[in-house]
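Before any comments, here is the structure.
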Amino acid sequence: LLGERLLVASQGTNELVELDARAFDPAMSVRRRFAVGEGPKGVEVDAATRTAVVWSQLSHEIAIVALDSGAVERLRVAADPLPPEIAAGRRLFFTELDRRITRDGRSCAGCHPEGRDDGVVWKLGAGPRQTPTLLGRLSRGPYGWLGKHATLEGNMVETISRLGGSGLPDADLRKLAAYLQKGLITPTPALAEPAPDALVDQGRALFRSDKVGCSGCHQLDTELSDRSLHDVGSYAKTDGSRSFRTPPLLHVGHSAPYFHDGRYATLEQLLDDNLDRMGQTTQLSPDELRALAAFLRTL
């Protein structure tokens, strides 16, 4: 913010956008646009010199913008460390206004920021679907809530079609898939470290136990999913299928809401309403359910 100016980096359009900070809705009051590098991520403003400095993460550039004259100087500070195919896929993931991907020009990153999820439930024709987290969940198929696609490219073709995009050529689909499977930075699951917390240890033991049965479908050594379709009573009248693919549980603690239609806001709500549809949880005490939720948040 500089006086009456609000400066925003537009990651998908490669611009620094100057908005009118006094407007009721500044986003609808664009004053100027400055072309900067690809994927602008951060802005710093020097009020004394009335200069903005923009870092662009995809092209590894710094843009120095003179706010009075509008002059832009761009300095590339590093080469792209990613292999060319993965770097090209990352550009496709973040780009906006590409009608081949979506009818309204939104980017893949618009719903999957940094490969995560926007927490929104969408109505896209086959019933309500919550945006899934992508991190660490795309190494193998089948893909999609219905497990219809053996390849990630095939799943993306369907997604693009549902979003009204005209479609990407096979070469671009391969690049986008390469980025999603090899280029996303996935945090190391806390499960890899011994957990000193007694509540988490108790939850892990319950998860692995035969009497609860969570690990029957969510195996700890296979991305926490058997990749199979199951009818767990989650069918709603607007759904076209009664069976859904077992979702991987990696990073499940940060991917609310839950179920294919996002009906549960928290893991506790899901476990309280499970009624033995997924594992045997009705026998568990409130403290045991709390421990199970605590363990799930470490995955």
Side-chain angles (χ1 to χ4, degrees), residues 11-14 38-39 41 56-60 79-120 122 124-126 129-189 221-229 244-252 254-255 260:
Q11 192 172 31
T13 62
N14 305 327
E38 294 179 272
K41 188 69 173 178
S56 296
Q57 66 171 359
L58 302 189
S59 57
H60 304 278
D80 198 324
L82 294 177
E85 184 179 54
I86 296 178
R90 184 166 71 162
R91 287 179 171 84
L92 286 167
F93 185 78
F94 283 100
T95 189
E96 295 179 9
L97 306 181
D98 190 338
R99 299 308 196 281
R100 300 176 305 167
I101 297 175
T102 58
R103 180 179 58 249
D104 60 4
R106 78 184 64 194
S107 66
C108 302
C111 295
H112 299 282
E114 303 298 336
R116 291 166 171 80
D117 64 90
D118 58 7
V120 175
W122 301 87
L124 297 173
R129 297 289 184 268
Q130 59 112 323
T131 304
T133 292
L134 306 180
L135 287 173
R137 299 184 177 188
L138 302 179
S139 64
R140 61 190 179 92
Y143 297 94
W145 279 107
L146 303 182
K148 295 192 301 182
H149 302 287
T151 67
L152 181 55
E153 291 89 336
N155 188 72
M156 290 191 296
V157 167
E158 180 186 344
T159 299
I160 288 171
S161 176
R162 286 192 282 108
L163 295 174
S166 61
L168 290 171
D170 290 345
D172 283 346
L173 287 170
R174 287 193 297 270
K175 293 172 184 175
L176 187 53
Y179 170 65
L180 294 175
Q181 293 176 320
K182 303 175 184 178
L184 292 176
I185 298 175
T186 305
T188 301
D221 58 349
T222 57
E223 299 175 349
L224 295 144
S225 172
D226 62 5
R227 302 282 176 166
S228 298
L229 297 180
F244 299 91
R245 189 199 66 162
T246 304
L249 296 185
L250 287 177
H251 317 301
V252 69
H254 306 284
S255 61
H260 68 281

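For the single chain, residues carry numbers from 1 onward in sequence order.
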Report the distance from atom OG1 of Thr133 to atom CG of Leu249, rounding to the nearest 0.5 Å. 11.5 Å

Non-hydrogen atoms of Leu135 and His251 that approach each other most closely: O-CD2, 3.4 Å

Contact summary for Phe94 and Gln57, nearest pair of heavy atoms: CZ-NE2, 4.0 Å

Interatomic spacing from NE2 in His260 to CZ in Arg129 - rounded to 0.5 Å: 5.0 Å

Output all residues satisfying side chain to side chain donor-acceptor pair (under 3.5 Å) with Ser255, sequence neighbours left out; order by chain, then residue number. none

Enter the distance from Arg91:CZ to Asp98:CG here, rounded to the nearest 0.5 Å. 14.0 Å

Quick check: does any side chain N or O of Arg245 sit under 3.5 Å from a backbone N or O of Pro142, one acting as donor and the other as acceptor? yes

So, taking the atom named CG in Leu97 and the one named CZ in Arg99, what distance separates them when rounded to the nearest 0.5 Å? 5.5 Å

Does the Thr246 side chain pair with the main chain of Ser225, one donor and one acceptor, at a distance under 3.5 Å? no

Determine whether a donor-acceptor pair (N or O, by modelled atom type, separation under 3.5 Å) exists between the side chain of Arg137 and the backbone of Leu250. yes

Rounded to the nearest 0.5 Å, the NZ atom of Lys182 sits from the CG atom of Leu138 at a distance of 13.0 Å

Is the shortest heavy-atom distance from the side chain of Arg100 to the side chain of Thr95 under 4.5 Å? no

Considering only heavy atoms from C-beta outward, does the side chain of Ser56 approach that of Glu38 to under 4.5 Å? no

If we only count heavy atoms from C-beta on, is the Tyr179 to Leu92 side-chain gap below 4.5 Å? no

Nearest-0.5 Å distance, CG of residue Asp117 to CG of residue Leu134: 8.5 Å

Are the side chains of Arg227 and Arg140 in contact, using a 4.5 Å heavy-atom criterion? yes

Let me see the working for Met156 and Leu180 under side-chain contact (heavy atoms from CB on, under 4.5 Å), right down to the final yes or no. CA-CA 11 Å; Met156 290 191 296; Leu180 294 175; 3.9 Å; yes

Side chain to side chain donor-acceptor pair (under 3.5 Å) filter on Tyr143, not counting sequence neighbours, yields Gln181

Test log, rule side-chain contact (heavy atoms from CB on, under 4.5 Å), inputs Leu224 and Val252: CA-CA 10 Å; Leu224 295 144; Val252 69; over 6 Å; no

Check His60 against Pro81 and note the closest heavy-atom contact, atom names and distance. NE2-CD, 3.5 Å

Would you say that Leu58 contacts Arg90 through its side chain, given a criterion of any heavy-atom pair below 4.5 Å between the two side chains? yes

Specify the closest pair of heavy atoms between Gly110 and Pro113, including all atoms of both residues, with the distance to one decimal. O-CD, 4.4 Å

Determine, step by step, whether Ile101 and Leu163 satisfy the side-chain contact (heavy atoms from CB on, under 4.5 Å) criterion, reporting the C-alpha distance in whole Å, the side-chain angles of both residues, the deciding distance to 0.1 Å, and the verdict. CA-CA 7 Å; Ile101 297 175; Leu163 295 174; 5.7 Å; no

Closest heavy-atom pair, Leu146 versus Leu229, reported as atoms and distance to 0.1 Å, is O-CD2, 3.3 Å

Classify the ring geometry between His112 and Phe93 as parallel (under 30°), tilted (30 to 60°) or perpendicular (over 60°). tilted

Provide the closest heavy-atom pair for Leu176 versus Cys108 in the form atom of the first, atom of the second, distance. CD2-SG, 4.3 Å

